[in-house]
Amino acid sequence: MQKELIKQLFRKAFTNRFPGKRIPGNTERMEREGINSPVSVPDDYRGRINYEREKCTGCQLCTKVCPSKAVVYHEEENKISYHLLRCTFCGECVEVCPVQALTFTQDFLLARTEKD
Ligand code: SF4
Ligand code: SF4
């Protein structure tokens, strides 16, 4: 065990500083600065939800099942909007949407500078 501990002391760290150095798609910078590759996420990862507005029929099923009231229906447009800050990523809306207008992405970088 001591041998392993000493080995670890001289190894490069496997974690990256977040978020400045952990920019997806910035492989050039990552290589230049010796930053480790991003951790891949599973196909069924529950990341930021993507809303395809043109697919949406305005059925409102998603607003009914959302436990955190993150989905809001806009009657005048017959469309919804989705509030990321309220979402708990439970997946109820994704599951209930009959036209797959709501889908999970693999995006886990959720910090934004715009409030909406
Ligand atoms: S994943 Fe859950 S909490 Fe988030 S919008 Fe859908 S139903 Fe609401
Ligand atoms: S369940 Fe799907 S189609 Fe219905 S309002 Fe929500 S996003 Fe639109």
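Index from 1, following the sequence. First listed ligand is number 1; within each ligand, the first listed atom is number 1.
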Which is closest to atom 2 (Fe) of ligand 1 in terms of heavy atoms, Cys90, Gly91, Ala70?
Cys90

Taking the side chain as everything from C-beta on, heavy atoms only, tell me whether Tyr51 gets closer than 4.5 Å to Lys79.
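Contact flag for Tyr51/Lys79 side chains = yes.
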
Atom 4 (Fe) of ligand 1 reached by Cys93 (N, O or S, under 2.8 Å):
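No, Cys93 does not qualify, because none of its backbone or side-chain N, O or S atoms lies under 2.8 Å.
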
Residue and atom name of the nearest protein heavy atom (relative to [atom]), distance in Å to one decimal:
atom	result
atom 8 (Fe) of ligand 2	Cys56 SG, 2.3 Å
atom 6 (Fe) of ligand 2	Cys62 SG, 2.3 Å
atom 4 (Fe) of ligand 2	Cys59 SG, 2.2 Å
atom 5 (S) of ligand 2	Gln60 N, 3.3 Å

Can a non-hydrogen atom of Val96 be found less than 4.0 Å from any atom of ligand 2?
no

Please list, in number order, the atoms of ligand 1 under 4.0 Å from a heavy atom of [X].
X	answer
Val71	5 (S)
Ile49	1 (S), 6 (Fe)
Thr88	3 (S), 4 (Fe)

At less than 4.0 angstrom from any non-hydrogen atom of Leu102, what atoms of ligand 2 do you find?
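Here the atoms of ligand 2 in question are 7 (S).
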
Under a 4.0 Å heavy-atom limit, does Lys79 contact ligand 2 with its side chain, its backbone, both, or neither?
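Neither part.
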
Hey, is Thr57 touching ligand 2 through its side chain, its backbone, both or neither, going by heavy atoms under 4.0 Å?
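It is both backbone and side chain that touch ligand 2.
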
Under a single-linkage definition using a 4.5 Å side-chain heavy-atom cutoff for Ile, Leu, Val, Met, Phe, Trp and Tyr, are Tyr82 and Phe104 assigned to the same hydrophobic cluster?
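Yes, it is one cluster - the side chains of Tyr82 and Phe104 are joined through contacts under 4.5 Å.
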
